[in-house]
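First the structure, in the form of structure tokens, and then the observations on it.
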Amino acid sequence: MSAPAAAVPQIIGLPQPFGVLLVGIFISLVLMGIIVSQTWNYYNNYPEDSKWLKLYVSSVFLVDFLSSFFLLWWMYDLLINNWGDIIPYTELHWALATDPILEGLIGPMVQAYYAWRIHVISGTYWVSGIIMGCSLMALGGGIAGTHAAATLVTFEALAGAKVVVIFWLLPAAVSDIIIALALTYYLRKHKGRFQSSDKVLDKIIRMTVQNGLLTAVTAVVDVIMYFTVTTPYHIVFTFILPKLYANTVLSSLNSRSQIRKELSNGKTDPQLYSSGGAPGFRTQASQGVVVTVETHEMQEAVKGNLDWESQRSADTKV
């Protein structure tokens with residue numbers, strides 16, 4: 001009589017999410033490759049940027065790189081070093097526990113950049129202050145999330161950290177939505193004087209709305225899945241969200257060369273129009289938006305009784 005087959009170890013109470021998590025890591029690495037390319041393009045194309053802006057880009061890249069590094073560390077330790085051992089599949093690895101704090105750090109870094117842009121084009125502090133308040137709340141939630149992941153130990157116990165998840169992800173989503181709405185509002189206020197700059201503003205508005213909604217929707221879907229799906233598939237979105245933030249700010253910085261080209265092309269054919277829509281407007285140029293491509297600032301410039309040539313010189317300054 002043959003011996004009974006050995007029982008296959010089971011993870012009690014925890015469905016298997018690890019195939020989906022592995023796919024999520026693959027997606028995040030693809031996005032990391034795009035970030036590497038974006039960073040390379042930035043340093044090649046904008047050597048004249050200030051050292052502070054270059055340091056900012058390096059910091060965003062470093063935090064995002066660390067996020068990918070620790071994810072790979074966790075997956076290697078899970079699949080290679082602990083091959084055949086079922087216990088690590090039930091526990092929260094220390095490298096995985098770094099994900100909330102790194103995501104909580106890169107989100108406010110990117111949102112601070114957009115808060116500064118909103119302050120520059122609006123001349124006010126209150127909107128930027130609300131954005132930074134939400135961002136700091138998300139950072140605190142990220143720190144609390146890392147503490148919870150380090151102390152709760154298991155995936156099952158992580159399901160009880162509902163308050164932490166809310167304060168980690170929802171303020172970031174609120175901040176992204178405010179950024180998209182505020183930039184759209186203030187940029188649209190400056191439309192209507194110059195045809196070429198209006199086209200540039202339309203492009204910036206579209207990009208801002210797309211990027212802001214993408215990160216906000218990702219964070220909201222993460223929270224919804226956390227509360228509605230018992231299997232921790234929601235963790236996948238925390239792998240991807242830092243990459244979306246980094247790509248948002250890098251694509252914005254790298255778009256300046258295209259904006260510069262479009263402004264230059266538009267100014268070679270000065271078909272300007274006044275508030276009444278008459279072409280060939282030359283003598284009055286009241287409020288407009290000057291895109292200073294050296295510093296990536298969208299500024300309100302009050303210009304009265306300026307000749308077209310002086311306006312052209314200010315708008316296309318390089």
Side-chain angles (χ1 to χ4, degrees), residues 5-36 63-107 141-166 168-169 172-173 214-215 217-247:
V8 177
Q10 301 273 337
I11 300 179
I12 305 300
L14 179 68
Q16 297 290 335
F18 298 99
V20 175
L21 297 185
L22 184 61
V23 171
I25 291 176
F26 288 159
I27 295 173
S28 73
L29 292 177
V30 171
L31 294 174
M32 183 65 204
I34 298 174
I35 291 169
V36 171
V63 174
D64 205 75
F65 172 80
L66 289 175
S67 174
S68 297
F69 176 79
F70 286 123
L71 286 180
L72 288 176
W73 187 315
W74 169 58
M75 192 55 64
Y76 185 89
D77 199 49
L78 189 67
L79 300 179
I80 306 301
N81 293 339
N82 291 289
W83 175 257
D85 186 359
I86 206 66
I87 299 300
Y89 287 85
T90 67
E91 298 176 342
L92 291 167
H93 195 277
W94 68 266
L96 183 62
T98 64
D99 185 64
I101 192 171
L102 291 174
E103 182 187 327
L105 183 60
I106 197 169
I143 295 172
T146 290
H147 179 265
T151 55
L152 294 176
V153 180
T154 67
F155 283 98
E156 280 187 306
L158 189 62
K162 293 180 173 59
V163 175
V164 171
V165 172
I166 290 175
W168 169 26
L169 295 173
L214 181 60
T215 51
V217 168
T218 302
V220 170
V221 170
D222 190 357
V223 173
I224 292 174
M225 290 196 66
Y226 174 81
F227 280 97
T228 59
V229 181
T230 55
T231 306
Y233 294 130
H234 63 90
I235 298 176
V236 170
F237 295 96
T238 67
F239 299 162
I240 298 172
L241 196 52
K243 309 299 185 274
L244 297 180
Y245 275 122
N247 270 302

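Residue numbers run from 1 in the order of the sequence given.
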Okay, side chain of [X], backbone of [Y]: is any donor-acceptor separation there less than 3.5 Å?
X    : Y    : answer
Y226 : A161 : yes
T146 : A97  : yes
N247 : K243 : yes
T98  : A95  : yes

Residue pair [X] / [Y], side-chain heavy-atom distance below 4.5 Å:
X    : Y    : answer
D99  : F70  : no
W83  : L79  : no
F237 : V221 : yes
N82  : Y89  : no
L241 : T215 : yes
F18  : M75  : no
S28  : L71  : yes
H147 : T151 : yes

Candidates L21, I27, L29 - the one meeting side-chain contact (heavy atoms from CB on, under 4.5 Å) with F239: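 With F239 as partner, L21, I27, L29 yield a single side-chain contact (heavy atoms from CB on, under 4.5 Å), made by L21.
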Point-to-point distance, once rounded to the nearest 0.5 Å, from [atom1] of [X] to [atom2] of [Y]:
X    : Y    : atom1 : atom2 : value
M32  : I240 : CE    : CD1   : 15.0 Å
L96  : E91  : CG    : CD    : 12.0 Å
I25  : S68  : CD1   : OG    : 9.5 Å
D222 : Y233 : CG    : OH    : 15.0 Å
L66  : L102 : CG    : CG    : 6.0 Å
L105 : S67  : CG    : OG    : 10.5 Å

Crowding at CZ, F227 (>12 non-hydrogen neighbours, <6.0 Å)
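Counting neighbours around CZ of F227, more than 12 heavy atoms of other residues, nucleotides or ligands fall under 6.0 Å, so yes.
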Next on the checklist: Please determine whether the number of non-hydrogen atoms from other residues, nucleotides or ligands lying under 6.0 Å from atom NE2 of H93 exceeds 12.
Outcome noted: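 Atom NE2 in H93 is packed in, count exceeds 12.
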Which label fits W73 and F69: parallel for a plane angle under 30°, tilted from 30 to 60°, or perpendicular past 60°?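 Ring orientation of W73 relative to F69: perpendicular.
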Minimum heavy-atom separation for [X] and [Y], please, with both atom names.
X    : Y    : value
V220 : A173 : CG2-CB, 3.9 Å
T231 : P17  : CG2-CB, 3.6 Å
A246 : D64  : CB-OD1, 3.9 Å

**OP:** Test Y76 against I80 for side chain to side chain contact (heavy atoms under 4.5 Å, CB included), laying out the working first.
**Re:** CA-CA 5 Å; Y76 185 89; I80 306 301; 3.7 Å; yes
